[in-house]
Enquirer: 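For reference, the structure I am asking about is given below.
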Amino acid sequence: MTSEEIKALTGRYIMNTYGRFPVAIDHGEGARLYSPEGREYIDFTSGIGVTCLGYGNDSWAQAIAAQAQKLGHVSNLFYTEPAARLAQILCERTGESCVFFANGGGEANEGMIKLARKYSFDKYGPGRATILTLNNSFHGRTITTLKATGQEVFHNYFFPFTEGFRYADANDLSSLEAQSGDDVCAVMVELVQGEGGVLPLERDYVRSVAKLCAEKDWLLLVDEVQTGVGRTGKLFAFQHYGILPDVASFAKGIAGGLPMSGILANEKCRTVLTPGTHATTFGANPVCAAAGLLVQETLSDAFLEEVASKGAYLREKIEAMALPCFGKTRGLGLMIGIAVQDGFSNKDLANRLIENGLLVLTAGPGMRLLPPLSITKAEMDRGLAIMEATLR
Ligand SMILES: *Cc1c(COP(=O)(O)O)cnc(C)c1O
């Protein structure tokens, strides 16, 4: 089918819930994507932080094919090896204690919220169920995770929302303390706010929040759906901050492009969720887990160090361009935000870049870059050249 035919069919048969760019993608190789007509795009998006190993990765495809031939699904009523091994690796590499596997980021965060409320219920009884989250956060699209999201625009249409969330300003401990109360059971944060605009939390703030949580026996819940799995140059962003969250969620990059998510819990939270209290039919799918194992194998410590240096390289080059539309860059590793100057629209800039063959994302009022973690120097340079030629 041609791009135009695909767009027309989509418009007719798929519910119109996405603000799509006017581009159809047929296949990819490395950090390059191709339309059905063969038009090339440099990809600084990784399908919103998912395709961490890039496109056309043979080892990834082979790991999936081999597992699909052996066993595609059997449910959590039985034991399977790939998920068990993936959980072991995630715990050994982070110091967490155990894993629950789910399928998407919002669903993982629901599990994290359920765990926090049950931890508190088991220990203190009812009435201690409120979770403090941060303004400008993003935690998902389910009715509960919309309410957990600290942005008023998301609290619309779908009333009644789940009760039990209050919001504090990021990087402001007194704002969090002002929301304190006997009804609180947990604090939930993204260490780099992703959808909100790529805003990293400060190290001292995060460590103070961890200390406050420990004092009050609030669980520290870290939403690593976007920051996890190597995106920031460490396997998980919390490893930059010297903290061990009580629970951390992951999703986007975990299986390099197949739908998989989950939560990691520390020893204290190991036995909170029990048979009958939490489940999902597709969770721990062996094909997704096999892809997840291949991702873990690829994300060696040396590979993660390269992620950090590639991120530094991109930021340095973008700042050196001193484009009139851009201000400072920020972020961690290959999760990069670029401030957009007054008088310029980030959506408009993204559209112009895409027209010229560079796929980028927006976040909040700025630009956001999430290239495949495997992107090469040549691919970065090609993308930077398109950026400069388009926006100069
Ligand atoms: C993308 C994202 C989610 C939602 O994940 P889905 O897989 O779309 O449900 C939640 N939290 C953060 C931080 C995200 O970036």
Side-chain angles (χ1 to χ4, degrees), residues 105 109 112-113 116-117 120 128-140 144-155 161-228 231-232 234 236-249 315 327-333 335-340 342 346 362-368:
N109 287 339
M112 189 153 74
I113 291 163
R117 287 183 170 179
S120 189
R128 193 178 178 277
T130 298
I131 295 172
L132 307 182
T133 71
L134 298 182
N135 287 319
N136 200 45
S137 56
F138 181 78
H139 296 299
T144 299
T145 56
L146 278 175
K147 197 66 201 279
T149 293
Q151 300 186 51
E152 269 308 311
V153 298
F154 288 101
H155 307 161
F161 287 95
T162 309
E163 287 171 38
F165 294 94
R166 286 202 299 273
Y167 316 98
D169 290 334
N171 289 323
D172 180 349
L173 195 66
S174 60
S175 170
L176 192 71
E177 283 167 336
Q179 296 301 330
S180 183
D182 294 341
D183 60 331
V184 175
C185 67
V187 176
M188 177 167 167
V189 301
E190 298 160 88
L191 293 171
V192 183
Q193 295 189 326
E195 304 299 314
V198 191
L199 305 162
L201 297 188
E202 288 157 16
R203 186 181 162 90
D204 286 351
Y205 169 75
V206 170
R207 295 177 66 89
S208 302
V209 172
K211 193 156 160 268
L212 185 67
C213 286
E215 278 163 24
K216 297 197 178 272
D217 199 16
W218 296 345
L219 295 192
L220 177 57
L221 314 178
V222 177
D223 178 347
E224 293 246 20
V225 166
Q226 190 158 157
T227 52
R231 176 56 54 189
T232 67
K234 300 254 188 211
F236 283 86
F238 65 71
Q239 294 169 316
H240 289 284
Y241 290 82
I243 58 161
L244 186 71
D246 292 301
V247 193
S249 58
R315 287 179 60 183
K328 287 246 163 268
T329 66
R330 55 178 179 260
L332 264 181
M335 182 168 181
I336 299 173
I338 313 171
V340 168
D342 288 348
N346 60 350
T362 61
M367 310 298 297
R368 175 174 45 152

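What you are looking at is a predicted structure, and each value in this text was computed from that prediction instead of being measured. Side chains included, hydrogens not; waters and symmetry mates left out as well; all remaining heavy atoms used.
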Enquirer: Give a yes or no answer on whether the side chain of R117 reaches the backbone of A129 with a donor-acceptor pair at less than 3.5 Å.
Expert: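 Yes.
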Enquirer: Please determine if R368 and E195 form a salt bridge, counting it only when a charged side-chain N lies under 4.0 Å from a carboxylate O.
Expert: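 Judged by the 4.0 Å cut-off on N to carboxylate O distance, R368 and E195 do form a salt bridge.
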Enquirer: What's the separation between atom CH2 in W218 and atom CG in L212, rounded to the nearest 0.5 Å?
Expert: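 With rounding to 0.5 Å, CH2 (W218) is 4.5 Å from CG (L212).
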Enquirer: Checking D169 side chain against D172 main chain: does a donor-acceptor pair fall under 3.5 Å?
Expert: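 No, D169 side chain to D172 backbone: no donor-acceptor pair under 3.5 Å.
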Enquirer: With a 3.5 Å cut-off and no angle check, do the side chains of H139 and T133 form a donor-acceptor pair?
Expert: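 H139 vs T133: no donor-acceptor pair found between side chains.
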Enquirer: Looking at Q179 and L176, would you say the former's side chain and the latter's main chain have a donor-acceptor pair under 3.5 Å?
Expert: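 No, the answer is negative, given that no donor and acceptor are paired below the 3.5 Å cut-off.
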Enquirer: Out of the candidates N109, T162, T149, only one should pair with T144 under the side chain to side chain donor-acceptor pair (under 3.5 Å) rule; please name it.
Expert: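 It is T162; the other options fail the test.
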Enquirer: Tell me if a side-chain donor or acceptor on R207 pairs with a main-chain N or O of Y241 at a distance below 3.5 Å.
Expert: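 Answer holds: yes.
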Enquirer: Flag the pair V184 / R166 as yes when at least one side-chain heavy-atom distance between them is below 4.5 Å, and no otherwise.
Expert: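 A side-chain contact exists here, since the closest heavy-atom pair is under 4.5 Å.
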Enquirer: State the CE-OG1 distance between M112 and T145, to the nearest 0.5 angstrom.
Expert: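 Going from the CE atom of M112 to the OG1 atom of T145 covers 10.0 Å.
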Enquirer: Got a donor-acceptor contact below 3.5 angstrom from the R231 side chain to the E224 backbone?
Expert: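 Side chain of R231 to backbone of E224: no pair is present.
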Enquirer: With the side chain counted from C-beta on, respond yes when P245 and L221 share a heavy-atom pair under 4.5 Å apart, and no when they do not.
Expert: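 No, every pair of side-chain atoms sits at 4.5 Å or beyond.
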Enquirer: What are the two closest non-hydrogen atoms of G327 and I338, and how far apart are they?
Expert: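 Closest approach of G327 to I338, heavy atoms only: O-CG2, 4.2 Å.
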Enquirer: I need the D246 CG to L219 CG distance, nearest 0.5 Å.
Expert: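 CG of L219 is found 4.5 Å from CG of D246.
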Enquirer: Quick one, Y167 and S137 - any side-chain contact, counting heavy atoms below 4.5 Å?
Expert: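 The answer is no, as the side chains (C-beta and beyond) never meet within the 4.5 Å cut-off.
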Enquirer: What is the distance from atom CD1 of I113 to atom CZ of F165, rounded to the nearest 0.5 Å?
Expert: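 Nearest 0.5 Å value for the CD1-CZ distance: 4.0 Å.
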Enquirer: Shortest non-hydrogen contact from S208 to L173?
Expert: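 Heavy-atom minimum between the residues: CB-CD2, 3.8 Å.
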Enquirer: For a side chain to side chain contact (heavy atoms under 4.5 Å, CB included) check, start with the C-alpha distance between L134 and L201, then their side-chain angles and the critical distance, and finish with the verdict.
Expert: CA-CA 11 Å; L134 298 182; L201 297 188; 4.0 Å; yes
Enquirer: Does D204, at its CG atom, have more than 12 non-hydrogen atoms belonging to other residues, nucleotides or ligands within less than 6.0 Å?
Expert: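 Incorrect, the count does not exceed 12.
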Enquirer: With a 4.5 Å limit on heavy-atom distance, are the side chains of V187 and K216 in contact?
Expert: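 Not touching, per the 4.5 Å side-chain cut-off.
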Enquirer: For F238 and A248, work out which heavy atoms get closest and say how close.
Expert: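 Closest pair (atom of F238, atom of A248, distance): CE2-CB, 4.0 Å.
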Enquirer: Do you know which two heavy atoms are closest between A170 and Q193, and how far apart they sit?
Expert: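 Heavy atoms only, the tightest pair is CB-NE2, 4.3 Å.
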Enquirer: Let me confirm one number: the OG1-CG distance from T130 to D182, rounded to the nearest 0.5 Å.
Expert: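 One gets 10.5 Å once the value is rounded to the nearest 0.5 Å.
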Enquirer: Mind listing the closest non-hydrogen atom pair of G196 and Q151 along with its distance?
Expert: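 That would be CA-NE2, 4.5 Å.
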Enquirer: What I'd like to find out is whether the side chain of L191 reaches to under 4.5 Å of the side chain of H240, using heavy atoms alone.
Expert: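 No, their side chains stay 4.5 Å or more apart.
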Enquirer: Is the count of non-hydrogen atoms from other residues, nucleotides or ligands lying under 6.0 Å from E163 atom CD greater than 12?
Expert: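 No, because the 6.0 Å sphere around CD of E163 holds 12 heavy atoms or fewer from other groups.
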Enquirer: Quick check: closest heavy atoms across A210 and I243, and the distance to 0.1 Å?
Expert: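 Here A210 and I243 meet closest at CB-CG2, 4.0 Å.
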Enquirer: Please examine the side chains of V222 and V189, heavy atoms only from C-beta on, and report whether any two atoms are closer than 4.5 Å.
Expert: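 Contact flag for V189/V222 side chains = yes.
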Enquirer: What distance separates K211 NZ from L220 CG, expressed to the nearest 0.5 Å?
Expert: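 It comes to 14.0 Å.
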Enquirer: Indicate yes or no: at least one non-hydrogen side-chain atom of T227 is less than 4.5 angstrom from one of E190.
Expert: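 No; the side chains remain at least 4.5 Å from each other.
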Enquirer: Under 3.5 Å, is there a donor-acceptor pair linking the side chains of S174 and E177?
Expert: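 No, no side-chain donor-acceptor pair sits under 3.5 Å.
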